[in-house]
A.B. asks: 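Pasting in a structure now, in structure tokens, and then I'll have a few things to ask.
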Amino acid sequence: MILNDQLGNWKRTHRCGDVTAEYIGRDVCLMGWVQRRRDHGGLIFIDLRDREGIVQLALDPDRDLASHSKAEQVRNEYVVAARGKVSPRPEGTVNPKMKTGEVEIEISELLILNRSETPPFMIDEYAEVAESIRLKHRYLDLRRPALQRNLLMRHRVAKTVRNYLDSQGFIEIETPVLTKSTPEGARDYLVPSRVNTGSFYALPQSPQLFKQLLMVSGFDRYFQIVKCFRDEDLRADRQPEFTQIDCELSFVTRDDIMNVMEGMISTIFKEAIGVEVALPMARLTYAEALERFGVDNPDLRFDLELINITELVVDSQFKVFADVAAGNGLVKALNVKGSATFSRKELDDLTDFVKIYGAKGLAWVKVTEKGWQSPIAKFFTADELAALNRKLDAQVGDLLLFVADKPSVANEALGRLRGHLGQKLGLADKDSYKFSWITDFPLFEYDGEEKRHVAVHHPFTSPLVEDIPLLDTDPGKVRAQAYDLVLNGSEIGGGSIRIHDQAVQSRMFELLGIDHEEAREKFGFLLDALSYGAPPHGGIAFGLDRVMMILTGADSIRDVIAFPKTQKAACLLSEAPNEVNEKQLQELGIRLRTRQK
RNA sequence: GGGGCUGUAGUAGAGUUGGUUACAACGCCGGCCUGUCACGCCGGAGGUCGCGGGUUCAAGUCCCGUCAGCCCCGCCA
């Protein structure tokens with residue numbers, strides 16, 4: 001049996017990546033993992049790594065034979081401790097690529113604290129490894145520099161958030177994780193109760209109701225960096241458990257909330273990546289965002305706006321456009337400057353792309369010296385062509401793309417296409433951060449399946465004061481005191497002013513088709529609380545994971561979370577979720593309808 | 001629930017029209033080497049081609065099914 005060396009009274013003095021030229025001449029004691037051993041027969045170099053980086057250990061048999069021969073046993077990922085003197089590297093051997101490249105540690109004593117199996121992949125920044133293998137060995141993947149950087153930055157951001165919000169008078173308060181299921185919105189994760197057989201808790205989709213209770217309690221300004229849970233399908237930017245920066249404030253208006261949050265976001269960007277965010281941030285109404293960009297989360301790093309040409313084609317001979325225009329639909333266009341060079345294949349791909357969002361097709365026009373080169377050119381008169389060219393600012397070399405459909409489809413399809421083209425053509429500067437608030441969302445949207453209005457945000461969202469009369473006459477037109485913060489085409493946060501007036505809240509439930517009894521059953525505790533002197537209040541929640549994706553440049557939310565789930569919501573490391581034994585089910589009073597075999 | 005992509009030594013890949021014993025790289029093991037730094041040189045080991053079935057004289061390759069991972073639509077108050 002080969003025993004490891006004991007730590008004994010050794011104390012680490014520095015981290016590897018911190019030992020730079022200013023420490024030359026000092027004796028140091030370092031501990032970490034062996035990145036690589038380079039054995040030159042005589043001299044041995046060991047690159048020693050910890051979370052701060054890598055430093056070179058030099059083991060010369062002429063200086064200390066014992067440590068040199070111990071170094072011969074060392075392999076990748078062994079855990080070692082080393083004592084030695086920080087020395088300048090000999091002339092001509094400085095490595096300018098390394099932060100610690102001007103120095104090396106002349107080792108006089110070496111301990112092997114632990115050995116390691118050969119890892120399934122190299123712990124470096126070069127190895128490209130299938131994500132399933134990275135996730136199975138996540139503890140090794142987390143040793144690699146990229147994830148170390150991301151999680152260290154995540155810590156700094158969380159710390160910045162706490163400092164900033166504390167400085168603004170916010171108090172961090174924990175809310176329950178075992179809470180009540182309210183089947184509005186996303187599906188809940190349910191937790192059975194052994195003590196109350198047949199009853200279930202739900203894991204919170206957000207602390208929404210509790211933070212409103214805290215306002216009633218007078219805490220005035222609350223925040224929490226908090227895990228939330230939604231049992232829905234995953235995406236590149238969606239995990240079943242995710243982290244929110246959750247805030248709620250009393251005695252404030254929308255503008256007050258937006259201002260204090262702009263301060264928080266700009267402080268985060270300054271602290272994390274040294275970027276100065278221009279304040280105040282841009283603001284767009286929901287209606288304007290849809291009109292100009294087709295979506296409520298536009299990427300404002302590039303122009304390329306949607307142009308409404310419905311009026312110009314309503315009388316044209318092109319039935320596809322004219323019928324849509326005559327039937328309350330929208331015909332909108334993008335002018336992709338200088339892209340008349342697109343191939344037939346590329347145009348077909350763009351057509352396939354808009355079909356994903358329900359568009360029936362994509363009409364295209366290449367603007368040439370001889371006029372429109374397009375399958376649809378023949379349907380328009382010279383006057384109509386001139387009017388369209390003027391409206392679209394069409395010039396030779398431009399590519400015009402059209403979608404005609406009901407408004408929701410035309411906007412979404414063309415808006416997504418805009419984002420897609422921004423990517424494809426590299427229109428968005430990677431180092432640019434364009435924020436915008438989206439305001440004045442509709443309060444309701446009509447659910448065709450359930451044949452009733454549903455809340456766009458949640459049922460406690462306050463309408464715009466000037467729209468309150470519309471609740472009785474035209475609820476579909478009522479706008480909400482809700483706001484999202486959008487960054488580079490990604491929704492990173494959203495919130496609203498809440499209803500603190502019982503009459504308005506009752507009317508709201510009525511319109512949502514929630515009767516008094518149902519409202520009592522689901523939200524009785526909140527309604528009770530609101531009746532005991534609720535202050536005007538509102539709040540917001542930011543998706544910390546999404547913010548971190550943008551700050552780190554990660555393509556996947558999994559790269560900013562230490563132990564993420566796969567698309568099927570599984571943890572490849574722990575193999576959760578798993579089946580449980582019959583005894584556990586019995587105690588919970590649960591019998592499964594189907595037993596997977 | 002639906003659409004798409006991927007699956008070959010430990011890792012990431014090549015593998016032609018179905019045709020001998022499935023390749024080279026990195027890693028690993030052994031040897032050599034006193035200034036390397038993604039060290040170098042010499043030698044070696046390492047494979048249920050995701051899994052199951054089918055077609056065929058013959059399947060990594062073709063067909064069907066299935067599993068897993070990823071991207072997207074629906075879903076995400």
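Sequence lines set the chain letters: A, B, ... in the order given, protein chains first and strands last, and positions in each chain run from 1.
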A.B. asks: Using the ring of each side chain (for Trp, its six-membered ring), is A:H458 parallel, tilted or perpendicular to A:F460, with breaks at 30° and 60°?
C.D. replies: tilted

A.B. asks: A:A455 near the nucleic acid: base, sugar-phosphate alone, or nothing, with a heavy-atom cut-off under 4.0 Å?
C.D. replies: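 Sugar-phosphate, no base atom in range.
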
A.B. asks: Would you say a side-chain N or O of A:R36 is under 4.0 Å from OP1 or OP2 of B:C28?
C.D. replies: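 It does not, given that no N or O in the side chain of A:R36 lies less than 4.0 Å from OP1 or OP2 of B:C28.
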
A.B. asks: Remember a base hit wins even if backbone is also touched, and classify A:T118 as base, sugar-phosphate or nothing at under 4.0 Å, heavy atoms.
C.D. replies: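 Sugar-phosphate contact only.
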
A.B. asks: Side-chain N or O of A:R38 less than 4.0 angstrom from OP1 or OP2 on B:C39?
C.D. replies: yes

A.B. asks: Look at the aromatic rings of A:H420 and A:F353 and report parallel, tilted or perpendicular, splitting at 30° and 60°.
C.D. replies: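 The rings of A:H420 and A:F353 lie parallel, inter-plane angle below 30°.
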
A.B. asks: Pick the P atom in B:C62 and in B:G19, then give their distance to the nearest Å.
C.D. replies: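 Straight-line distance between the two P atoms is 11 Å.
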
A.B. asks: Regarding A:L135, tell me which of base, sugar-phosphate or nothing describes its non-hydrogen contacts under 4.0 Å with the strands shown.
C.D. replies: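 Touches nothing.
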
A.B. asks: Which whole number of Å gives the distance between the C1' atom of B:G46 and that of B:C28?
C.D. replies: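 So the two C1' atoms sit 9 Å from each other.
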
A.B. asks: Within the structure shown, what part of the strands sits under 4.0 Å from A:Q208 by heavy-atom distance: base, sugar-phosphate, or nothing?
C.D. replies: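 Counting heavy atoms under 4.0 Å across all strands, the contact made by A:Q208 includes a base.
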
A.B. asks: Do A:Q205 and A:D188 have side-chain N/O donor and acceptor atoms under 3.5 Å apart?
C.D. replies: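 Present: a donor and an acceptor within the cut-off.
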
A.B. asks: Would you say the side chain of A:N411 lies within less than 4.5 Å of the side chain of A:V295, judging by non-hydrogen atoms?
C.D. replies: no

A.B. asks: Out of A:K565, A:E232, A:R187, which one pairs with A:P240 under the side chain to side chain contact (heavy atoms under 4.5 Å, CB included) rule?
C.D. replies: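 The single option meeting the side chain to side chain contact (heavy atoms under 4.5 Å, CB included) with A:P240 is A:K565.
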
A.B. asks: Counting the atoms with a prime plus P, OP1 and OP2 as sugar-phosphate, which does A:S206 contact under 4.0 Å by heavy atoms, base, sugar-phosphate, or nothing?
C.D. replies: base

A.B. asks: From the options B:C72, B:U11, B:C39, select the nucleotide whose nearest atom is closest to the side chain of A:I133.
C.D. replies: B:U11

A.B. asks: Which is true for A:Q56 with a 4.0 Å heavy-atom rule: it touches a base, it touches only sugar-phosphate, or it touches nothing?
C.D. replies: base

A.B. asks: Given the P atoms of B:G35 and B:G43, what is the spacing between them in whole Å?
C.D. replies: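 After rounding to an integer number of Å, I get 23 Å for this pair.
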
A.B. asks: Please state whether the base of B:C75 and the side chain of A:R230 form at least one donor-acceptor pair under 3.5 Å?
C.D. replies: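 Result: no qualifying N/O pair found.
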
A.B. asks: Is there a side-chain contact between A:L214 and A:E248 (heavy atoms, below 4.5 Å)?
C.D. replies: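 No, their side chains stay 4.5 Å or more apart.
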
A.B. asks: Please pick, from B:A12, B:C70, B:A68, the nucleotide with the shortest atom-to-atom distance to any side-chain atom of A:A130.
C.D. replies: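 The closest nucleotide is B:A12.
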
A.B. asks: Could you measure between the two P atoms, the one in B:G54 and the one in B:U61, and give it in whole Å?
C.D. replies: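 Per the computed distance, 14 Å lies between those P atoms.
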
A.B. asks: Inspect the contact between A:E510 and A:R507 and indicate whether a charged nitrogen and a carboxylate oxygen are less than 4.0 angstrom apart.
C.D. replies: yes

A.B. asks: The side chain of A:K568 lies closest to which of these nucleotides: B:C37, B:C33, B:A68?
C.D. replies: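 Between B:C37, B:C33, B:A68, the one nearest the side chain of A:K568 would be B:A68.
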
A.B. asks: Just checking A:D124: base, sugar-phosphate only, or nothing, at a heavy-atom cut-off of under 4.0 Å?
C.D. replies: nothing

A.B. asks: Considering only the C1' atoms, how many Å lie between B:C32 and B:G69, rounded to the nearest integer?
C.D. replies: 43 Å

A.B. asks: Would you say whether A:F45 stacks on B:U36? The test is a distance between ring centres of less than 5.5 Å and an angle between planes of less than 30°.
C.D. replies: yes

A.B. asks: Using a 3.5 Å distance criterion without hydrogens, assess whether the side chain of A:D467 forms a donor-acceptor pair with backbone atoms of A:L470.
C.D. replies: no

A.B. asks: Indicate, yes or no, whether a donor-acceptor pair under 3.5 Å links the base of B:U11 to the side chain of A:E128.
C.D. replies: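 Result: no qualifying N/O pair found.
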
A.B. asks: Taking the C1' atom in each of B:C75 and B:A38, what is the distance between them to the nearest angstrom?
C.D. replies: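 About 45 Å, rounded to a whole number of Å.
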
A.B. asks: Just call it for A:R187: base, sugar-phosphate, or nothing, with non-hydrogen atoms closer than 4.0 Å on any strand.
C.D. replies: sugar-phosphate

A.B. asks: How do A:L43 and A:G185 order along RNA chain B: which one's closest nucleotide is nearer the 5' end?
C.D. replies: A:L43

A.B. asks: From the options B:G10, B:C71, B:C75, select the nucleotide whose nearest atom is closest to the side chain of A:R558.
C.D. replies: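 From the listed options, B:C71 comes nearest.
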
A.B. asks: Just how far, in rounded Å, is P of B:C72 from CD1 of A:I356?
C.D. replies: 10 Å

A.B. asks: Any base atoms under 4.0 Å from A:E104, or only sugar-phosphate, or nothing? Heavy atoms, all strands.
C.D. replies: base

A.B. asks: Atom CG of A:D62 and atom C1' of B:G35: how far apart are they, to the nearest Å?
C.D. replies: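 Those two atoms, CG and C1', are 13 Å apart.
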
A.B. asks: Pick the closest RNA chain B nucleotide for A:V129 and for A:G41 by heavy atoms, then say which residue is nearer the 5' end.
C.D. replies: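 Closer to the 5' end of RNA chain B: A:V129.
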
A.B. asks: Using atom P in both nucleotides, what's the gap between B:G30 and B:A45 to the nearest angstrom?
C.D. replies: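 Approximately 15 Å lies between the P atom of B:G30 and that of B:A45.
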
A.B. asks: With a cut-off of less than 4.0 Å, is there a side-chain N or O of A:Y126 near OP1 or OP2 of B:C26?
C.D. replies: no

A.B. asks: Provide, to the nearest angstrom, the distance between the CG atom belonging to A:D233 and the P atom belonging to B:C71.
C.D. replies: 12 Å

A.B. asks: State whether A:K97 places a side-chain N or O below 4.0 Å from either non-bridging phosphate oxygen (OP1 or OP2) of B:A38.
C.D. replies: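 Looking at the OP1 and OP2 atoms of B:A38, one of them is under 4.0 Å from a side-chain N or O of A:K97.
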
A.B. asks: Do A:L350 and A:V354 make a side-chain contact, defined as non-hydrogen atoms from C-beta onward lying under 4.5 Å apart?
C.D. replies: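 No, their side chains stay 4.5 Å or more apart.
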
A.B. asks: At less than 3.5 Å, do the side-chain atoms of A:R37 and the base atoms of B:C37 form a donor-acceptor pair?
C.D. replies: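 It does not, because no donor-acceptor pair links the side chain of A:R37 to the base of B:C37 below 3.5 Å.
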
A.B. asks: Any side-chain N or O of A:T566 below 4.0 angstrom from OP1/OP2 of B:G69?
C.D. replies: yes

A.B. asks: Taking any heavy-atom pair under 4.0 Å as a contact, classify A:P90: base, sugar-phosphate, or nothing.
C.D. replies: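 Since a base atom lies under 4.0 Å of A:P90, the category is base.
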
A.B. asks: Given the structure, check if the side chain of A:R238 and the base of B:C76 hold any donor-acceptor pair shorter than 3.5 Å.
C.D. replies: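 By the distance-only test, yes, there is a pair.
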
A.B. asks: Examine B:G27: is either OP1 or OP2 under 4.0 Å from a nitrogen or oxygen in the side chain of A:N76? Give yes or no.
C.D. replies: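 A:N76 to B:G27 OP1/OP2: no side-chain N or O under 4.0 Å.
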
A.B. asks: On a whole-Å scale, what distance lies between the C1' atoms belonging to B:G13 and B:C26?
C.D. replies: 11 Å

A.B. asks: Within this structure, what is the NZ-to-P distance between A:K565 and B:C70, rounded to whole angstrom?
C.D. replies: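 Interatomic distance, NZ of A:K565 to P of B:C70: 13 Å.
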
A.B. asks: Quick check for you: among B:C29, B:A38, B:G69, whose closest atom lies nearest to any side-chain atom of A:R75?
C.D. replies: B:C29

A.B. asks: Would you say A:R235 places a side-chain N or O within less than 4.0 Å of OP1 or OP2 belonging to B:C76?
C.D. replies: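 Checking B:C76 against A:R235, no side-chain N or O comes under 4.0 Å of OP1 or OP2.
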
